[in-house]
There are 4 protein chains.
Amino acid sequence: MIAIAVSEEIFIFVCKTESFIMPKAKDPDKAKAIHRAAMMLVIETGFSGLKMADVAKEAGMATGTLYIYYKSKDELINDIYLETKKEIIALLTNPNLVTETFYTAYRNRWFAYFNYCLKNPEKMLFVEQFLYSGYIEESIYNQVEELFKPLNQFLLDGQKNGLVKQLDIEILKAQMEGAIHEIIKMTVKRGKTLDAELKHECFNMAWDSVKQ
Amino acid sequence: MIAIAVSEEIFIFVCKTESFIMPKAKDPDKAKAIHRAAMMLVIETGFSGLKMADVAKEAGMATGTLYIYYKSKDELINDIYLETKKEIIALLTNPNLVTETFYTAYRNRWFAYFNYCLKNPEKMLFVEQFLYSGYIEESIYNQVEELFKPLNQFLLDGQKNGLVKQLDIEILKAQMEGAIHEIIKMTVKRGKTLDAELKHECFNMAWDSVKQ
Amino acid sequence: MIAIAVSEEIFIFVCKTESFIMPKAKDPDKAKAIHRAAMMLVIETGFSGLKMADVAKEAGMATGTLYIYYKSKDELINDIYLETKKEIIALLTNPNLVTETFYTAYRNRWFAYFNYCLKNPEKMLFVEQFLYSGYIEESIYNQVEELFKPLNQFLLDGQKNGLVKQLDIEILKAQMEGAIHEIIKMTVKRGKTLDAELKHECFNMAWDSVKQ
Amino acid sequence: MIAIAVSEEIFIFVCKTESFIMPKAKDPDKAKAIHRAAMMLVIETGFSGLKMADVAKEAGMATGTLYIYYKSKDELINDIYLETKKEIIALLTNPNLVTETFYTAYRNRWFAYFNYCLKNPEKMLFVEQFLYSGYIEESIYNQVEELFKPLNQFLLDGQKNGLVKQLDIEILKAQMEGAIHEIIKMTVKRGKTLDAELKHECFNMAWDSVKQ
DNA sequence: CATGAATGAGAGTTCATTCAT
DNA sequence: CATGAATGAACTCTCATTCAT
């Protein structure tokens with residue numbers, strides 16, 4: 001390693017990385033492992049059955065380690081919610097989904113979300129359960145509300161063009177989201193699988209319900 | 001209550017009747033009061049926040065009294081679920097709902113359930129949350145499944161007559177139930193009220209989604 | 001038991017005490033047992049070694065029971081302090097201690113406190129340790145300060161009559177209290193006993209130090 | 001600190017010297033920094049509130065570093081006690097304090113200790129608290145006892161010459177030490193300052209209490 | 001039957017200590 | 001030698017359940 005004095009207080013060090021002690025950063029994979037473990041356990045046993053000791057064991061670490069990454073059980077749970085919601089928003093605002101016609105754009109979004117839920121039922125269930133778990137913190141709730149606002153515009157455009165029923169946007173969203181969630185839940189609960197055709201029929205129901 | 005010592009062993013107590021526990025016969029209303037209290041508290045604080053002491057307080061009795069009516073917290077919660085589900089089944093199999101055409105019969109049933117949820121959101125929410133609370137006992141779950149089977153016939157008839165989409169009955173039910181629940185939840189959360197017209201539009205969405 | 005209706009809502013009940021279910025009151029002896037146990041353990045192991053489980057065991061009850069009487073460990077410790085300080089104040093403001101001359105009154109007070117400390121070294125030690133334990137709550141501290149103020153007047157009178165050195169009252173009190181505590185601590189630590197004569201010589205030191 | 005990648009393996013770091021850990025010989029000041037930090041924190045938060053992580057932070061180093069200088073928290077605390085006591089003994093056995101008359105020698109010693117406590121209240125408080133903290137190790141306690149013995153001779157000489165009250169030496173020491181500590185504690189607690197005159201009056205109290 | 005103080009197993013969290021970097 | 005993330009035993013506190021009154 002070479003040290004060059006620039007001034008009395010400022011130095012330049014040139015060195016190979018491995019010979020320089022990098023401050024050991026908090027392991028970003030650990031936070032994700034904790035997320036995953038906690039989410040799975042919530043689905044298995046509910047929020048009331050979630051124990052930090054179990055999360056630690058499932059994530060392959062000591063209990064104390066959880067508290068390096070999250071201040072408390074509450075914070076952990078709220079953070080999982082927030083991160084999952086952000087993931088969903090990123091998914092639904094993906095520019096790739098935008099297409100020429102409203103119908104195809106709607107279909108793209110519906111399938112994106114439907115497939116996401118089908119692939120990550122634990123995430124969908126977690127988010128659903130969370131809202132009535134008693135763990136939610138208002139600030140987190142509001143933050144998520146804010147993030148979702150841009151998505152409303154899409155449906156408003158559909159209404160303006162006379163393609164979507166003239167109803168409160170929140171009702172339209174509830175209709176679609178509620179149906180998707182319930183279908184996925186039923187699917188998981190009964191161990192069913194949905195082939196492409198079945199998915200398309202589910203989509204048709206969704207479209208039929210909201211189309212003008 | 002005022003206590004006046006007449007002698008070392010004899011006291012006079014002056015009190016309002018309700019603050020003096022008169023020995024009385026087993027109160028059949030108590031079980032219902034416990035139900036109501038527990039359900040409200042689950043909605044407010046989630047299953048993880050439900051404490052027997054709070055249930056007792058909310059129901060206006062001592063903790064010990066709860067255990068006269070229910071063997072345990074688990075049993076209490078499962079019983080609430082079972083009773084609520086029975087109430088819903090009774091509602092949906094009410095002979096008054098049967099009418100000439102499939103459409104009107106469907107409409108009657110949809111409105112019956114929708115209005116029930118709107119009037120008793122705590123019951124609907126309790127039932128929804130319960131399934132993933134970790135409290136559910138398999139025997140109770142199976143019992144409820146059994147009770148609901150007769151209702152499927154109604155939709156099967158609709159399909160036979162070409163009025164309802166040719167889809168797995170469970171998917172159809174999930175579509176309808178999920179949408180209703182989500183709309184009600186949104187309504188409650190945002191403090192909205194639904195007038196007759198709005199309800200009808202919600203029904204239209206439901207009908208559009210399942211009709212052939 | 002005889003019940004006499006005074007009005008529709010007010011009743012008079014006359015009964016032998018044992019035939020009337022008295023609401024089971026929190027046992028006042030338990031609170032004292034907890035005090036005693038906690039105090040002893042603090043002296044033995046210091047505040048840092050005080051464990052609620054040990055307090056419970058020493059007091060002959062379950063851990064949970066402690067929390068019926070005290071909201072937290074902090075509150076328990078602060079309450080012990082407050083109660084002990086109140087006891088000391090009651091002792092020092094006992095009208096029996098007042099006598100004709102300032103000297104005899106001072107002597108009475110000094111001996112009252114010295115003997116109290118000698119008989120209850122654990123209380124004295126607890127109070128001494130407490131102030132720097134990190135457990136003290138400001139409100140409790142202020143409350144005690146307030147209660148002690150009346151005692152200052154006694155020394156002020158001594159100064160007015162030219163019997164006591166003209167020094168800040170707080171310094172005079174510190175001189176006396178510090179000396180007493182340290183002598184008692186030494187006595188306890190070394191397992192010494194103080195006979196009447198020795199006590200009197202200790203008093204003479206105290207008096208010599210403050211007298212004009 | 002700024003890191004600039006020159007290649008995949010070579011980096012340039014620009015930083016203020018103090019934020020870059022230069023490999024250096026074992027720093028003899030570190031043990032003292034740890035002492036100071038621990039002592040301050042004990043005074044602020046008591047022994048029960050002393051955390052090794054806080055000591056490290058206060059001393060400007062990592063937790064692990066503490067364990068290079070001290071085997072354990074216990075050892076650290078006991079070492080602080082021992083070192084402080086040694087410092088006090090060195091102070092009181094300073095040959096400069098010896099003078100012609102017993103009175104002036106006594107006065108010199110009293111002022112030396114009083115001023116030491118006034119200047120280092122944290123040390124005095126630490127030592128006071130330590131004895132009842134539950135951390136003390138018997139070997140350390142005995143070692144300190146042994147070191148203090150020579151000081152007794154001084155008072156014994158005073159008694160032989162009829163200048164000091166004929167009382168157990170330990171009682172005399174307790175009287176003096178207790179008074180000094182309590183006056184200093186009061187001073188610190190109330191934010192008072194003691195001028196030369198006031199100090200002298202404190203000394204007079206001390207002298208009056210022990211003089212024959 | 002009704003009460004609520006008492007119980008104690010079990011949960012969340014902390015923190016002295018270790019060790020790979 | 002210095003670091004600080006990781007560890008897990010041990011602590012405080014909670015709460016479902018019991019039982020004497």
Side-chain angles (χ1 to χ4, degrees), chain A residues 18-27 30 48-57 60-74 76, chain B residues 21-27 30 48-57 60-74 76, chain C residues 18-27 30 48-56 60-74 76, chain D residues 21-27 30 48-57 61-74 76:
Chain A
E18 69 259 31
S19 69
F20 182 81
I21 314 294
M22 293 291 280
K24 203 200 294 184
K26 287 184 195 179
D27 186 344
K30 285 235 162 81
S48 53
L50 185 69
K51 291 162 213 161
M52 293 301 264
D54 291 347
V55 173
K57 209 198 272 179
M61 58 188 74
T63 6
T65 310
L66 298 180
Y67 290 87
I68 294 170
Y69 293 88
Y70 300 97
K71 262 210 312 283
S72 68
K73 186 179 170 183
D74 269 56
L76 164 59
Chain B
I21 311 305
M22 296 289 283
K24 58 186 160 189
K26 185 168 174 173
D27 185 344
K30 282 227 163 97
S48 55
L50 186 69
K51 291 162 213 162
M52 292 301 265
D54 289 349
V55 174
K57 205 157 127 197
M61 58 189 74
T63 5
T65 311
L66 298 181
Y67 289 84
I68 293 166
Y69 292 88
Y70 298 97
K71 240 193 2 254
S72 70
K73 186 179 170 183
D74 271 55
L76 164 60
Chain C
E18 70 258 34
S19 70
F20 182 80
I21 314 292
M22 294 289 281
K24 203 201 293 183
K26 286 183 192 178
D27 187 342
K30 284 237 164 80
S48 53
L50 185 70
K51 291 161 213 160
M52 292 301 264
D54 290 347
V55 174
M61 58 188 75
T63 5
T65 310
L66 298 180
Y67 291 86
I68 295 170
Y69 293 89
Y70 299 98
K71 263 211 309 282
S72 69
K73 185 179 170 183
D74 269 57
L76 164 59
Chain D
I21 310 303
M22 296 288 283
K24 58 185 160 185
K26 184 169 176 174
D27 186 343
K30 281 229 164 96
S48 54
L50 186 71
K51 291 163 211 163
M52 292 301 265
D54 290 349
V55 173
K57 204 157 131 200
M61 58 189 75
T63 4
T65 311
L66 298 180
Y67 289 85
I68 294 166
Y69 293 87
Y70 298 97
K71 245 197 351 259
S72 70
K73 186 180 171 184
D74 270 56
L76 164 59

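Remark: side-chain polar atoms of A:Y69 are not paired, donor with acceptor, to backbone N or O of A:L76 under 3.5 angstrom.
Following rounding to the nearest Å, B:M52 (CE) and F:dT18 (P) show an atom-to-atom distance of 10 Å. Per the geometry, OH belonging to A:Y67 stands 17 Å off P belonging to F:dC11, to the nearest Å. As rounded to whole Å, 13 Å separates atom C1' of E:dT17 from atom CD1 of A:I68. C:Y70 places its OH atom 16 Å from the C1' atom of E:dA6, with the value rounded to the nearest Å. Taking atom CG of residue A:L66 and atom C1' of nucleotide F:dA5, one finds them 13 Å apart after rounding to whole Å. We find that NZ of D:K73 is positioned 15 Å from P of F:dA10, with the value rounded to whole Å. Rounded to whole angstrom, the span from the NZ atom of C:K51 across to the C1' atom of F:dT12 amounts to 13 Å. As rounded to whole Å, 18 Å separates atom P of F:dT12 from atom NZ of C:K71.
Listed here is the closest heavy atom pair of C:K73 and C:L50: NZ-O, 2.7 Å.
Across all strands, D:L50 comes closer than 4.0 Å only to sugar-phosphate atoms, never to a base (heavy-atom distances).
Of the side-chain N and O atoms in B:Y69, one or more sit less than 4.0 angstrom from OP1 or OP2 of E:dA2. OP1 or OP2 of F:dA6 sits under 4.0 Å from a side-chain N or O of A:K30.
At its two ends the helix from E:dA2-F:dT21 to E:dT21-F:dA2 runs along axes set 0° apart, each axis drawn from five pairs and the angle rounded to 10°.
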